[in-house]
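To keep things clear, I will list the structure first and then write my remarks on it.
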Number of protein chains: 2
Amino acid sequence: MALRHAVLAALLDGEYTGYQLAKIFDVGVSNFWYAAPQQIYTELAKLEKAGMISGRQVIQLDRPNKRVFTVAEAGLDELAAFAAAASKPLSIRDDLAVKVQAVDHLDPAPVLAQLDERAVEAAARLALFDRGMRRLRGDLDEGEFLHSSERIGPYLTYLAGCRLEREMRDWCLTTAALLRSRTASHTEESR
Amino acid sequence: MALRHAVLAALLDGEYTGYQLAKIFDVGVSNFWYAAPQQIYTELAKLEKAGMISGRQVIQLDRPNKRVFTVAEAGLDELAAFAAAASKPLSIRDDLAVKVQAVDHLDPAPVLAQLDERAVEAAARLALFDRGMRRLRGDLDEGEFLHSSERIGPYLTYLAGCRLEREMRDWCLTTAALLRSRTASHTEESR
DNA sequence: ACTATGTACTCAATTTCATGACTAGTCAAG
DNA sequence: CTTGACTAGTCATGAAATTGAGTACATAGT
């Protein structure tokens, strides 16, 4: 009972298809919720059955037809109840952090490669979020937008996403640099 | 097949009981992996059956007896294979971020309360991590420790945890302040 | 001409996770 | 002297998530 609310929150921004939602949730960190495409489709089906969203068929000529969804009243009620209830603690799971934790007992080479890769991905998402934020705020500068706009929720989560990705990128870079300098000085000593 | 590696990585630091591990994984963010106590126990049982860890009974007079576990060779091999394989992308899920995303359509009061609460929790974990890091590095300063110590993995993940918690705390505080200033100016206008 | 990529889904099987309830003894506070 | 909190677990159930495969059509590249 949690993905459901993330889907409802995403649908507040307008109509989306399952496919579009799947892409949004696959990027994951922007809205602080990751979900696989298959989860989205099953959740949409459940939500529609429960009357919390309503779907509408859109016929397309050049592409497969699609169904777009909007939040119904019952869905808003559900979201309100969710917001009022206590939050579960943030859940985070990261393979790479586990590998770094064990790195002293392991071959560091693959871990280093993955740290580099992760840093690049984090930087890419940062850029992506930046574009998303610009699109949301239009011509306004950030402070102005945040004070005057009616819809700032998604912008606020973007801000959180930026913080996270920045730190992720920097941590990966400094950690990789440190591990490299250690291996260098070890091989130095053993000569 | 992922909790298993987190458990193995944690056991590299020494012997732990399921109960102790459960507490470590309940704090969660320090090692970037959350797991419920019951998961730990089942995972330990599986790992022992697979010969990746070995348990040892410790008889206690004043408390219930306990079993402590250490990593076996097969466990190290498993960890090495895990580290060499590609990482799954970081998975993050946060109820509170979902609520903030939807906040424009909702009563902001409970969300504000939860942001405050989360900021306090993040600050508490920061302090906790700080103590943990001091314990690990002893008298050395951070740079010295990171270059000379044999075992820096847990320290590196602590550093990541600090980055995360700092940003979490600051985001919660600025977000809550912003939302409050908006409600204030709205009630102003509607007078 | 072939291959890959993108849109837009569905179905099924399995694995993992999360939840609540239970046992059982110790210790400290009210 | 009783209640609650801490240590140290086990068991069972159900919800949620992951994985893999499959369908179908279109466009764009090599």
Side-chain angles (χ1 to χ4, degrees), chain A residues 1-8 15-28 32-50 53 55-69 82 85-95 98, chain B residues 1-8 15-28 32-50 53 55-69 82 85-95 98:
Chain A
M1 298 288 170
L3 172 58
R4 106 175 311 155
H5 305 111
V7 169
L8 287 170
E15 293 184 329
Y16 289 109
T17 68
Y19 188 76
Q20 286 176 298
L21 285 171
K23 281 202 294 187
I24 293 169
F25 281 79
D26 205 36
V27 175
F32 279 85
W33 205 275
Y34 165 82
Q38 296 79 355
Q39 278 177 269
I40 309 283
Y41 286 114
T42 35
E43 196 60 47
L44 283 172
K46 277 195 244 169
L47 281 166
E48 195 180 21
K49 208 169 167 185
I53 59 174
R56 187 168 62 81
Q57 181 104 11
V58 174
I59 284 138
Q60 299 184 123
L61 297 173
D62 53 339
R63 286 173 202 188
N65 294 336
K66 61 184 182 181
R67 301 197 68 211
V68 294
F69 294 93
F82 166 68
S87 294
K88 290 190 203 160
L90 170 129
S91 127
I92 196 164
R93 281 175 181 176
D94 186 2
D95 275 17
V98 173
Chain B
M1 299 293 170
L3 172 58
R4 104 175 312 155
H5 304 112
V7 170
L8 286 170
E15 293 185 327
Y16 288 109
T17 68
Y19 187 77
Q20 285 176 300
L21 284 171
K23 281 202 293 186
I24 292 168
F25 280 79
D26 205 36
V27 175
F32 279 84
W33 205 276
Y34 165 81
Q38 298 79 355
Q39 280 177 265
I40 309 282
Y41 286 115
T42 38
E43 197 58 50
L44 284 172
K46 278 195 245 168
L47 280 166
E48 194 179 21
K49 209 169 168 184
I53 59 174
R56 188 169 61 80
Q57 180 104 14
V58 174
I59 284 139
Q60 299 183 123
L61 296 174
D62 52 340
R63 286 173 202 190
N65 294 337
K66 62 184 180 181
R67 302 198 66 211
V68 295
F69 295 93
F82 166 67
S87 294
K88 290 192 202 162
L90 171 129
S91 130
I92 195 163
R93 283 174 180 173
D94 186 2
D95 274 16
V98 172

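Note that this is a predicted model, so its numbers are computed, not measured. Order of the sequence lines sets the chain letters (A, B, ...), proteins ahead of strands, with each chain counted from 1.
- In this structure, the side chains of A:I24 and A:Y16 come closer than 4.5 Å at one or more pairs of heavy atoms.
- Put simply, B:R93 has a side-chain N or O that comes within less than 4.0 Å of OP1 or OP2 on D:dA17.
- Residue B:Y19 places at least one side-chain N or O closer than 4.0 Å to OP1 or OP2 of D:dT7.
- The CG-C1' distance, from A:L47 to D:dA15, rounds to 15 Å in whole Å.
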Taking it one step at a time, do A:W33 and B:D95 satisfy side-chain contact (heavy atoms from CB on, under 4.5 Å)? CA-CA 8 Å; A:W33 205 275; B:D95 274 16; 3.7 Å; yes
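- Between the C1' atom of D:dA16 and the OH atom of A:Y34 lies a distance of 13 Å, rounded to the nearest Å.
- Computed from coordinates, the A:L61 CG to C:dA8 P distance equals 13 Å when rounded to whole Å.
- Annotation: of the two residues near DNA chain D, B:Y41 and A:Q39, the 5′-most nearest-nucleotide partner is B:Y41.
- In this structure, CG of A:D62 is placed 12 Å from C1' of C:dA8, rounded to the nearest angstrom.
- In this structure, of C:dC17, C:dG20, D:dT19, it is C:dG20 that holds the atom nearest to the side chain of B:Q38.
- Distance from the side chain of A:P64 is smallest for D:dA24 among the nucleotides D:dA24, D:dA17, C:dT19.
- Considering only side-chain N and O atoms, A:K23 lies under 4.0 angstrom from the phosphate OP1 or OP2 of C:dT7.
- Among the atoms of the strands shown, only primed sugar atoms or phosphate atoms (P, OP1, OP2) are found under 4.0 Å from some heavy atom of A:Q60.
- Dashed line: the shortest gap from a side-chain N or O of B:T17 to OP1 or OP2 of D:dG9 is under 4.0 Å.
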Quick one: do A:L3 and A:F25 satisfy side-chain contact (heavy atoms from CB on, under 4.5 Å)? Show the steps, please. CA-CA 10 Å; A:L3 172 58; A:F25 281 79; 4.2 Å; yes
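- Listed pair A:K88 / C:dA18 fails the phosphate criterion, with no side-chain N or O lying under 4.0 Å from OP1 or OP2.
- A:T17 has its side chain within reach of A:Q20: a pair of non-hydrogen atoms, C-beta onward, lies under 4.5 Å apart.
- For the pair B:K46 NZ and C:dT16 C1', the interatomic distance rounds to 7 Å; values are reported in whole Å.
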What do the steps show when you test A:L8 against A:F82 for side-chain contact (heavy atoms from CB on, under 4.5 Å), and what is the final call? CA-CA 11 Å; A:L8 287 170; A:F82 166 68; over 6 Å; no
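- As a whole-Å value, the separation of B:L3 CG from D:dT18 P is 14 Å.
- The interatomic distance linking B:I59 (CD1) with D:dG9 (P) rounds to 13 Å, in whole Å.
- If you measure from atom CZ of A:R4 to atom P of D:dA15, you get 12 Å, rounded to the nearest angstrom.
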